[in-house]
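I have placed the structure first, in the form of structure tokens, so that the comments after it can refer back to it.
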Amino acid sequence: MGSGFLIDRIEHRRTGECHWPPVPGLNLPGCGLVTVDEPESAYLKDAAYDMEAAGFYAAAAGLATTDLVYVFKIVSDNRENPVGEVDPQQVPELFRRQESAIRELVGHLRARSAAFTDWYDMPAEYELLLRKYRFSATRRAALGQYCRRFRALGRQRRLSELVQGRFRDAGSLMSAMRLELARADEPGEVSR
Amino acid sequence: MFSAVYVESEVRDHPRAQAILERYRDLAHIECERFGQIFNRKAQNFRMQKQYPALILARKHGRKVLPAPAGYGFEAEQSHYFSHMLNCIYDCRYCFLQGMYRSAHCVLFVNYEEFAASIGQNIATGEGKQVFYSGYDCDSLALEPVSGFAEFFVPFFAQFPQAVLELRTKSTQISSLLQMAPSPNCIVAMSFTTEAAAKRWEQDVPSIEKRLKALARLQDAGWPVAVRFEPLLPDPDPNAHAALFDRVFSRLDPDRLHSTSTGLFRMPADYFRNTLKLYPDEPLLARETQTRNGVVTLQQPDREAWLANLETMLFRHIDPASYYRCAD
Ligand code: SF4
């Protein structure tokens, strides 16, 4: 009772569907979990039991990369302490006992998610240009790529200059960007 | 090295899987039905997974030996490849595996005996010199202490002098080879890029110095070794390639080399697109590229002249007859 586990395999008992949340190499104990539709009383498998994880995981995995979706289970009942005897008053205490593990996990997730944003966010110039000119959907996608390439090649200053410049329309802006990107092949010293 | 070991129920009791599970007894062992349930899932992020890759133990079903892609490797009547592993423990930014697979986990197929049976069949029914490449979907030796791949396949190939096995690697895991008698039909081919490129784009890969030392040891022990200058990447220092060639051929005996090859950076266009999506901040991938016949290469206006110049430099060290250039 009160133990915390980072779940590495979720099995939905009714559908047989399985999910495998990531194992991030933290020093947290891990185990498999069975999601059941009715409160469990037999606890036959060497696994944790709950009534939500399979649904939660499937829904969350549809919204973000699966590498950022974790399931942490705090055991509130087992064969010796059946689910019918769980005292709701004790629940905050169960959480308190796992506070450091939860903090570690949240810290880890925050760091990963910050890295994710850092890798994939769009340079600010992209939005500025979208506001300044009219782009078709295809050109909009290409604009995103060009802006990122400017940044990756360490030519952010040049990109800012292009944002300040006056072009007849989106097409001529993009021609200028293309020419600029083709100009020097050597990557700049700084990539961001 | 790994964060967890996934294991297909089917191979859980396989002796090779058992030994690996025992080796990683402190990691979580997670069972699955088929490796694809983990490896081929949608919405995975290869780049993020590279930070905590897992090992997946599986059985390879279906065809185990495939024709080598056009332009891969040296001349032979028949070229094949087989992959006991998918993915690599190293992290080279130019590697096509990151664009090919959704997952960065390493899959190790433990049914070597079934691979051997397929290879044996290919040899029996094939004609002339047949080459088998093992380092197409992985690095052949990087996981050797765990996989025992060379330990199994080198003696197996030794029974078939008409066939050649190429172990393509950037690894220094050569102990198992050094414990065997050198096999004339097993070539250890080591890949090199310039010092600056290696430092910048080959994460977790042993240094050039260590690789050279390992290759020289193998050559001294009588193993046929080969050198692969792949991918050739333009270097800001115009003398970088000359320095690399001098360094490599001062440590190896060029007269005893099986072969030397070069190849440009090239990647199938869809893999390149995927890689670019993963690393939009990577200067190497942000450069101008050109796509021809579905293959992306870096754009270089003076490419032919540049290559010719590199080859002239190479031929100061090696016999052109032992050289080939991979097609792009
Ligand atoms: S060593 Fe080879 S297989 Fe491994 S990441 Fe580098 S290029 Fe890819």
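Residue numbering restarts at 1 for every chain, and letters A, B, ... go by the order of the sequence lines.
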With a 4.5 angstrom heavy-atom cut-off, could you sort out which part of [X] is near chain A: side chain, backbone, both or neither?
X	result
B:Leu278	both
B:Phe2	neither
B:Ala28	side chain

Can you name the closest pair of heavy atoms from B:Pro283 and A:Ala152 and give their distance? CG-O, 3.4 Å
Whether the side chain of [X] engages the backbone of [Y] through a donor-acceptor N/O pair (distance < 3.5 Å, no angle test) should be reported.
X	Y	value
A:Arg112	B:Met48	no
B:Arg41	A:Trp20	yes
A:Thr65	B:Gln44	no

Does a side-chain heavy-atom distance below 4.5 Å link [X] with [Y]?
X	Y	result
A:Asp67	B:Phe46	no
A:Tyr120	B:Arg47	yes
B:Tyr52	A:Val23	no

Option that, when pairs with chain A are counted at under 4.5 Å, heavy atom only, ranks first among B:Ser3, B:Pro280, B:Ala54: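 Most heavy-atom pairs within the cutoff with chain A belong to B:Pro280.
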Show your reasoning for whether side chain to side chain contact (heavy atoms under 4.5 Å, CB included) applies to B:Arg287 and A:Leu153. CA-CA 8 Å; B:Arg287 303 172 76 147; A:Leu153 292 168; 4.3 Å; yes
Between the side chains of A:Arg183 and B:Glu288, is the shortest nitrogen-to-carboxylate-oxygen separation below 4.0 Å, so that they form an ion pair? no
Please classify the contact between A:Leu26 and chain B as side chain, backbone, both or neither, with a heavy-atom cut-off of under 4.5 Å.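 Neither part; nothing is under 4.5 Å.
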For A:Pro123, which atoms come within 4.5 Å of any heavy atom of chain B: side chain, backbone, both, or neither?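 Contact with chain B is absent: no heavy atom of A:Pro123 under 4.5 Å.
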Step through the shown structure and confirm whether more than 12 heavy atoms of other residues, nucleotides or ligands are within 6.0 Å of [atom1] on [X].
X	atom1	answer
A:Gln89	CD	no
A:Asp46	CG	no
A:Lys45	NZ	no
A:Asn27	CG	no

Rounded to the nearest 0.5 Å, how far apart are CD1 of A:Ile7 and CD1 of B:Ile30?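 Atom-to-atom, A:Ile7:CD1 and B:Ile30:CD1 are 10.5 Å apart.
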Atom pair CG/CH2 of B:Asp281 and A:Trp119 - distance to nearest 0.5 Å: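 Output value for this atom pair is 8.5 Å.
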Please identify, among A:Pro24, A:Ala115, A:Ala61, the residue contributing the most non-hydrogen atom pairs under 4.5 Å to chain B. A:Pro24
Looking at A:Arg148, A:His19, A:Gln145, which has the largest count of heavy-atom pairs under 4.5 Å with chain B?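 Highest number of heavy-atom pairs under 4.5 Å: A:Arg148.
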